[in-house]
Amino acid sequence: MTATLIDGTAIAADIRAEIKTRVDELYAVTGRRPGLATVLVGEDPASQAYVRMKGKNSVEVGMESFSYKLPATASQEEVEGLVRELNANPAVNGILVQLPLPKHLNEEAILGAISLEKDVDGFHPVNIGRLVMKGRKPLFIPCTPKGCMVLMERSGVKLE
């Protein structure tokens with residue numbers, strides 16, 4: 001068996017083009033663009049880069065991008081309050097709370113506060129539970145494992 005190089009950059013460009021087409025079609029029909037809200041708590045450089053890239057990619061495909069940055073000292077109530085506001089905002093279709101959160105915050109409670117329908121990371125306890133239960137489907141699958149599967153599928157990798 002020989003190794004095959006997977007061109008993730010090309011596959012990602014194809015996927016972004018497909019998403020842009022779908023967003024443009026949605027906008028033509030509804031007059032609205034999907035919106036992604038990102039919540040970053042603290043100053044972690046890797047998290048900042050990840051959130052910045054999500055915003056850039058969202059705009060590139062024609063979506064709305066809403067970026068929220070809270071200080072590392074933000075309280076549990078402040079973070080959960082922001083999540084509740086985003087849940088209620090009809091312009092926000094997806095919410096991504098960047099992990100890791102500062103140690104004083106209850107990550108499970110914050111992820112659990114995200115509306116199931118807006119949990120684009122797939123980290124809400126119900127989505128995680130559905131992911132591991134036979135016969136159940138989560139509304140969203142965590143993006144890293146899903147992305148790996150898409151890369152293999154689009155590259156023709158046969159899984160057994």
Taking C-beta and beyond as the side chain, do [X] and [Y] meet within less than 4.5 Å on heavy atoms?
X: L26; Y: R22; answer: no
X: L159; Y: M149; answer: yes
X: L40; Y: Q48; answer: yes

With a 4.5 Å cut-off on side-chain heavy-atom distances among I, L, V, M, F, W and Y, is there a chain of contacts connecting [X] to [Y]?
X: Y50; Y: L36; value: yes
X: V97; Y: F66; value: yes
X: L139; Y: V83; value: no
X: V120; Y: F123; value: no
X: L96; Y: I15; value: yes

Please give me the minimum heavy-atom distance between [X] and [Y], naming the atom from each residue.
X: E80; Y: A109; answer: OE2-CB, 3.6 Å
X: N87; Y: S115; answer: OD1-N, 2.8 Å
X: G55; Y: S65; answer: CA-OG, 3.4 Å
X: A74; Y: V79; answer: CB-CG2, 4.1 Å
X: P142; Y: G122; answer: CG-O, 3.8 Å

Please report the C-alpha distance between E153 and V157 in whole Å, then the side-chain angles of each, then the deciding distance to 0.1 Å, and finally whether the side-chain contact (heavy atoms from CB on, under 4.5 Å) criterion is met. CA-CA 6 Å; E153 290 165 4; V157 174; over 6 Å; no
Would you say Q76 has more than 12 foreign heavy atoms packed within less than 6.0 Å of its CD?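 Counting neighbours around CD of Q76, more than 12 heavy atoms of other residues, nucleotides or ligands fall under 6.0 Å, so yes.
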Salt-bridged, [X] to [Y], with N to O below 4.0 Å?
X: E60; Y: K20; answer: no
X: K118; Y: E85; answer: no
X: K54; Y: D121; answer: no

Report the residue from I95, D119, L99 that forms a side chain to side chain contact (heavy atoms under 4.5 Å, CB included) with L111.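 Passing option: L99.
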Distance-only, no hydrogens or angles: does the [X] side chain make a donor-acceptor pair with backbone N or O of [Y] under 3.5 Å?
X: R33; Y: G62; answer: yes
X: Q98; Y: T38; answer: no
X: E78; Y: S75; answer: yes
X: T30; Y: R32; answer: yes
X: S47; Y: E43; answer: no
X: N93; Y: G35; answer: yes

Let's go through V41 and K69 carefully: what are the C-alpha distance in whole Å and the side-chain angles of both, what is the deciding distance for side-chain contact (heavy atoms from CB on, under 4.5 Å) to 0.1 Å, and is it a yes or a no? CA-CA 6 Å; V41 183; K69 295 179 183 165; over 6 Å; no
Please walk me through it: do L86 and V39 pass side-chain contact (heavy atoms from CB on, under 4.5 Å)? CA-CA 10 Å; L86 296 173; V39 177; 3.7 Å; yes
Gap between atom [atom2] of [Y] and atom [atom1] of [X] - 0.5 Å precision:
X: M133; Y: K137; atom1: CE; atom2: NZ; result: 14.5 Å
X: E77; Y: R84; atom1: CD; atom2: CZ; result: 8.5 Å
X: I141; Y: I128; atom1: CD1; atom2: CD1; result: 10.0 Å
X: H124; Y: F140; atom1: NE2; atom2: CZ; result: 12.0 Å
X: I6; Y: L151; atom1: CD1; atom2: CG; result: 6.0 Å

CA sep, side-chain torsions, deciding dist, call: N57, M63, side-chain contact (heavy atoms from CB on, under 4.5 Å): CA-CA 9 Å; N57 287 337; M63 294 172 53; over 6 Å; no
